[in-house]
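Computed over heavy atoms, backbone and side chain alike; hydrogens, waters and symmetry mates excluded. Naming convention: chains lettered A, B, ... in sequence-line order (proteins, then strands); numbering from 1 in each chain. What you see is a predicted model, and the numbers here were worked out from it, not measured in a lab.
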2 protein chains.
Amino acid sequence: MPDPLWRQIAEDLRRRIESGEIGDDGQPLPTEMELREHYRASRNTVRDAIKWLVTRGMVYTQPGRGTFVTQRVDPFITRLAADSGSSVEAENSNFASEVTSQTRKPVVSVRRVEIQRAHGLPAAELVLPDDAGVVSRHQEHLIDGVPYSLQTTFYPMALVERGAARLIRAEEITEGAITYLEHVLGINQAGLRDRITVRTPRAEETAFFRLPDDGRVAVFEITRTGFDEDGQPFCVTVTTYPADRNQFVMTSGNVPDVPSGRGTSPAPG
Amino acid sequence: MPDPLWRQIAEDLRRRIESGEIGDDGQPLPTEMELREHYRASRNTVRDAIKWLVTRGMVYTQPGRGTFVTQRVDPFITRLAADSGSSVEAENSNFASEVTSQTRKPVVSVRRVEIQRAHGLPAAELVLPDDAGVVSRHQEHLIDGVPYSLQTTFYPMALVERGAARLIRAEEITEGAITYLEHVLGINQAGLRDRITVRTPRAEETAFFRLPDDGRVAVFEITRTGFDEDGQPFCVTVTTYPADRNQFVMTSGNVPDVPSGRGTSPAPG
DNA sequence: AACGATTTGTTCGTATGTATC
DNA sequence: TGATACATACGAACAAATCGT
């Protein structure tokens, strides 16, 4: 039993694209009408085939222009390591990641602070009862004007009550929230745990990262939990990155510098 | 300008699914014909809406049966840490990851050994000229019969010529390849670097992991490069995991044990 | 085991809207 | 402004999988 026609066409298009026969060098693919004649199929069937390629991130379409092959792009490389310094996330040195591309300038953008009842992930990571208060501090990160990551950090409201008042103000904590907490409350971040997952983007993420709204581009979700010297969690940072242009690097032991990035295949919207 | 009709229907279905109004408790969604009447739209338009939900992994369809809400599964949790012991990847203790679920039994399956010319990623990571020989050792990992990961390790052919003959035999290196290399050649793994990326699965991966063939489920690709005491890379291991049921955890410093697995994410806003 | 009803999958056709050049 | 090209939406027919009788 052969594959459905639209799938056969998709595979043939993939082959022809990869061999450079079509769509090379920024040239658009043949139009749907041309493909319709070439494969002796209806326009809808041809569109099903193209849709399959779009889902794979292999091509993208533009109304009125045509269908184009997606170009490779240099991924952002983020170091995940306990010892690494912080740059983008200057305030929350909590999330001690680092953009290794030298020429790019990280910018921390608008900030939103909310007080909520603990629920879901933050409550679970912070081991709080479901109705305990938590402060959430939200920020957007851009590099050279390009959306880079979205980040929300949760702190137990108890920390504010114990004196860390600046946590609930929508101002940057320039010295870093962790440093601030250490100065004010004597809390020392003795350990941290990172969780790395992947999921489809939410509406806000799709908008901020300017991702295609069909959910074909996933986002990394990195959850960093900070622990004090008693092994108690005192903050959780959730950061999301578009999976099509990000890569995470982690080293241990003696490793030479400069990990050269590998291109993945991304997509304009 | 309002959203297209199919999108409005999709959003409404999402809302009704999340509120538990429809599709709850394993019950199928209304049939396409019922939805067609409910929304006063054509069947194709309803199908476009459902397709959007399918792409998001929110529902799945079964021919002849109906459309169902996907239920969340407990993710596999893999530790990525320098100090963690190895279990699944017993041979390549190189890739020192560990399945934390206690009850599940890891099994290393068939193995394939090939000798190739260096190219692409392995050549880049090993810093080899493009025509140098490399040995690739491929394995499949299953847990309780469930496909878990696909793994390929590359070694420079030079290592074999220097005496590591067992690298080119399709037999398990029970004591671990890294231990073997240390014994035979005195190579000591002094450091390692992990790269974490996400991409759409290849055909083999789609088949092995039994993923839907529309590429909506991505795979993690974790590339671990081992370095000797001179900072020279001597092996590269590429491992892929389905992104929909895997999660990676990395700890540093003093962190209490047993990170409880979690599926979804928070709601900042 | 066979059949019919139900439900999703595939493929065609057509018309109209909208973005681009 | 008109031509081109993709997007949306409709309708229709048949195929294939599933399930109950």
Establish, with yes or no, whether the OP1 or OP2 oxygen of [N] is under 4.0 angstrom from a side-chain nitrogen or oxygen of [X].
X: B:Arg47; N: C:dT7; answer: no
X: A:Arg43; N: C:dG13; answer: no
X: B:Thr45; N: D:dT8; answer: no
X: A:Thr61; N: D:dA7; answer: yes

What is the distance from [atom1] of [X] to [atom2] of [N], rounded to the nearest Å?
X: A:Gln62; N: D:dC6; atom1: CD; atom2: C1'; answer: 10 Å
X: A:Leu5; N: C:dG9; atom1: CG; atom2: P; answer: 17 Å
X: A:Arg65; N: D:dC6; atom1: CZ; atom2: P; answer: 11 Å
X: A:Tyr39; N: C:dC12; atom1: OH; atom2: C1'; answer: 19 Å
X: B:Trp6; N: D:dG11; atom1: CH2; atom2: P; answer: 19 Å
X: A:Asp48; N: C:dT11; atom1: CG; atom2: C1'; answer: 9 Å
X: A:Phe68; N: D:dC6; atom1: CZ; atom2: P; answer: 8 Å
X: B:Arg36; N: C:dT8; atom1: CZ; atom2: P; answer: 14 Å

Drop me the distance from [X]'s [atom1] to [Y]'s [atom2], to the nearest 0.5 angstrom.
X: B:Glu21; Y: B:Leu13; atom1: CD; atom2: CG; answer: 9.5 Å
X: B:Leu35; Y: B:Asp12; atom1: CG; atom2: CG; answer: 10.0 Å
X: A:Arg199; Y: A:Glu205; atom1: CZ; atom2: CD; answer: 4.0 Å

Query raised in the report: Starting at the 5' end of DNA chain C and moving along, which residue's nearest nucleotide shows up first, B:Glu32 or A:Arg40?
Result: B:Glu32
Query raised in the report: How do A:Asn44 and B:Thr31 order along DNA chain C: which one's closest nucleotide is nearer the 5' end?
Result: B:Thr31
Requested in this report: Please check if the distance between the ring centroids of A:Tyr241 and A:Phe76 is under 6.0 Å.
Outcome: no
Report task. For B:Arg7, answer base if it contacts any base atom (sugar-phosphate contacts may also be present), sugar-phosphate if it contacts only those atoms, and nothing otherwise; contact means non-hydrogen atoms under 4.0 Å. Result -> nothing
Report summary line: The residue among B:Gln8, B:Arg14, B:Arg15 that forms side chain to side chain donor-acceptor pair (under 3.5 Å) with B:Glu11 is B:Arg14
